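Below is one structure; the comments refer to it alone.
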Amino acid sequence: MIVCICNNVKDRQIKAALASGVDSMDGLKAALDVATCCGCCEPMVNDFLEEHQAMSVDSELADQLAYAV
Ligand code: FES
């Protein structure tokens with residue numbers, strides 16, 4: 001699915017960038033040029049970023065709980 005029409009950036013490219021360690025909107029902009037033109041896609045890109053960050057926190061918490069038990 002194309003997320004950024006201006007720069008032809010797809011959701012899987014955003015997910016791949018996040019999985020490779022990009023962890024900010026500025027990082028995504030630098031890596032993919034996403035949300036660097038009209039900005040209409042920025043809320044959706046932010047949703048991907050927040051979802052990734054929430055999953056990372058859940059993973060860290062699960063690791064800590066596993067270590068504590
Ligand atoms: S749709 Fe992404 S910058 Fe325009």
Side-chain angles (χ1 to χ4, degrees):
M1 171 182 77
I2 295 177
V3 174
C4 179
I5 296 168
C6 294
N7 296 308
N8 194 29
V9 180
K10 297 174 179 65
D11 59 338
R12 59 187 158 88
Q13 292 173 282
I14 295 169
K15 290 176 183 176
L18 292 169
S20 72
V22 177
D23 63 354
S24 67
M25 181 63 73
D26 286 343
L28 289 170
K29 287 180 178 180
L32 302 171
D33 282 341
V34 68
T36 59
C37 189
C38 74
C40 289
C41 62
E42 191 159 339
M44 188 181 295
V45 175
N46 201 46
D47 287 346
F48 282 111
L49 182 59
E50 288 179 356
E51 181 180 324
H52 179 76
Q53 289 171 338
M55 288 174 45
S56 296
V57 170
D58 287 348
S59 177
E60 287 176 24
L61 184 58
D63 289 345
Q64 289 174 359
L65 289 173
Y67 183 73
V69 173

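Numbering of ligands and ligand atoms starts at 1, following listing order. Just so we're clear, the structure is a prediction, and the values are computed from it rather than from any experiment.
- The residues Lys29 and Glu42 are annotated as salt-bridged, a charged nitrogen and a carboxylate oxygen being separated by less than 4.0 angstrom.
- Within the 4.5 Å cutoff, side-chain heavy atoms of Asp11 are placed close to those of Val3.
- Contact annotation: the side chain of Cys4 never approaches that of Val45 to less than 4.5 Å [non-hydrogen atoms, C-beta and beyond].
- In this structure, CD1 in Ile5 is found 7.5 Å from SG in Cys38, a value given to the nearest 0.5 Å.
- For atom 4 (Fe) of ligand 1, the neighbouring protein N/O/S atoms at less than 2.8 Å, given as residue and atom, are Cys6 SG, Cys38 SG.
- For the pair Leu18/Leu49, a side-chain contact is recorded, criterion being any heavy-atom separation below 4.5 Å from C-beta on.
- The shortest side-chain heavy-atom distance between Asn7 and Leu32 does not fall under the 4.5 Å cut-off.
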